[in-house]
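Note that ligands are numbered from 1 as they come in the structure, with each ligand's atoms numbered from 1 the same way.
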Amino acid sequence: MKGNTLTEFELIKRYFTHPAPGARLGVGDDAALVRAARGMEIAVSADMLVCGTHFFADAEPGQLGHKALAVNLSDMAAMGATPRWATLSLALPRVAPHWLRAFSGGFMKLARKHGVDLVGGDTTRGPLNICVQIMGEVPAGQALRRDGARIGDEVWVSGQIGDAALALVALGKRIRLKPLELAAVTRRLHQPTPRVALGVALRKIAHCAIDISDGLCADLGHICERSGVAVTVNFDRLPISPVLRRYLDRPVARAALLAGGDDYELCFTAAPVRHQVILNVARRLGLALACVGSVQRAGRGKPQLTVLAGNGARMDVTSGGFDHFG
Ligand code: ADP
Ligand code: MG
C-alpha cells in the first residue's frame, strides 16, 4: 500500500504471514521459492474475484476468503493436480482489522485443510479485488485436460449442480424459496467445496475434466470444442438437490441447472469400461458421481451439445452459460 508502508508491512505480517512448510521460502522476501517433486509437472492457475461482479460489497469476509481459495482449488481439481502453493493479491479500499481477520481466517482454514501454503502476494489500496494464484503438482503427462475426451466416453458429473445459480436467482428475487431452502442453496453459492480428492483420484481414469464454474452447458461446450467431439446429456440423469427438484417445473430453475455456474463440481469423461471403477471412487470418497451422458463424433450441422428430456425430446439450451461479456 504505497505511501503507508508501515501499515502494509504490519498488515501482511499480522494477517498473511503463516508457516509454509511445503515451500523453501514463503512470505517476506522478494519472491517465494518452491520446488516440484521429481517427475511432477506444475499446474498454475489464477482466479480473480471482483466486488460487484463476483460478490456483493457486504459479503461476509470469512466466506469470501474461503471462496477466493476454493475457486482456485477447483481449477487444480479439474486438472487432477494436488494444490501446493498459493499467492494472494489484494486491493483493499481501507484497512479494516475485523474484515482482514475474518477474511484471512476463512482463506487459511481452507488452505490448511488442503495442505496449501500461502507463499506470497501483493497488497494495495483500491476497489476491493481479490486475486489468488495457485500452483499444484501432477505427475508428468497425467493432467486432466479439456482436450482429452474420446468418442464413446461416458460423461460424469460430481455432487449436485444448479443450487448455487438457484441461490443467485432467489437472491435476485426471481424465484421465491422457503427460508430453509434458501439457506441450503446459498451455502452452495458462498461456500463451494472444491473436489480436490476427486481430481487426484481421476488421474489415469478420466480422459478429460473441467470444473463447472460457468454452467454445465458452457463448460461441456468447452470440452466439445477443445476435444473436437459432440456430447449428449440426459436431463433426467443430472444430479440435483431436493430443493432444486421441487422447483424444476420453473424455467429459471431449469436454466440454473443447465446454464448456471458457481457449483464447482467436476464434469469429466471416461471410457465405459471404467464405469465400475468410477463408482468405486465415488464410494471411497463419499461423493456422488452421476453418469449423465456420452461423447459422440462431431458432425457438420450437428449440435455440439444435445440435452435430451425424459421423453427423448431435444431441449433448448441456446441460453448457454454465464458469459461475463455477453
Ligand atoms: P515488494 O516490495 O517486493 O513488492 P511487498 O511489500 O509487496 O514486496 O510484499 C512483501 C512480502 O509480503 C512479499 O513476500 C509478498 O509476497 C508478501 N505479500 C504481500 N501481500 C501479501 C498478501 N496479501 N498475502 C500474502 N503475502 C503477501
Ligand atoms: Mg509488491
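- Under 4.0 Å from ligand 1, heavy atoms of T123 appear from its side chain as well as its backbone.
- Counting only non-hydrogen atoms, the option in L100, I12, T17 that gets closest to atom 12 (O) of ligand 1 is I12.
- When the heavy-atom distances from atom 6 (O) of ligand 1 to E8, K13, H18 are ranked, the shortest goes to E8.
- Remark: ligand 1 atoms within the under-4.0 Å shell around heavy atoms of D30 are 3 (O).
- In this structure, R254 and L248 approach most closely via the heavy-atom pair NH1-O, 3.1 Å.
- Listed by number with element, the atoms of ligand 1 under 4.0 angstrom from any heavy atom of D122 are 7 (O), 19 (C), 20 (N), 21 (C), 23 (N).
- In this comparison of G28, G120, A91, G26, the heavy atom closest to atom 11 (C) of ligand 1 sits on G28.
- With a heavy-atom cut-off of 4.0 Å, D29 touches ligand 1 through its backbone alone.
- Taking a cutoff of 4.0 Å between a charged side-chain nitrogen and a carboxylate oxygen, K67 and D262 qualify as a salt bridge.
- With atom 22 (C) of ligand 1 as the reference point, the heavy atom nearest to it among L88, L92, T124, V27 is part of L88.
- Each side chain to side chain donor-acceptor pair (under 3.5 Å) pair with one or both residues in residues 297-309, not counting sequence neighbours, appears once here: E225-Q304.
- The pair R35-E137 does not count as a salt bridge, with every side-chain nitrogen at least 4.0 angstrom from each carboxylate oxygen.
- Distances from atom 27 (C) of ligand 1 to the heavy atoms of A31, S89, G121, A86 put G121 nearest.
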Expected list for residues 74-81: side-chain donor-acceptor pairs under 3.5 angstrom, two or more places apart:
{"from": "S74", "atom 1": "OG", "to": "D211", "atom 2": "OD2", "distance (Å)": "2.6"}
{"from": "D75", "atom 1": "OD2", "to": "S45", "atom 2": "OG", "distance (Å)": "3.4"}

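- Taking CZ from R14 and CZ from R101, the interatomic distance works out to 8.5 Å, rounded to the nearest 0.5 Å.
- Between the CG atom of N129 and the CE atom of M48 there is a distance of 5.5 Å, given to the nearest 0.5 Å.
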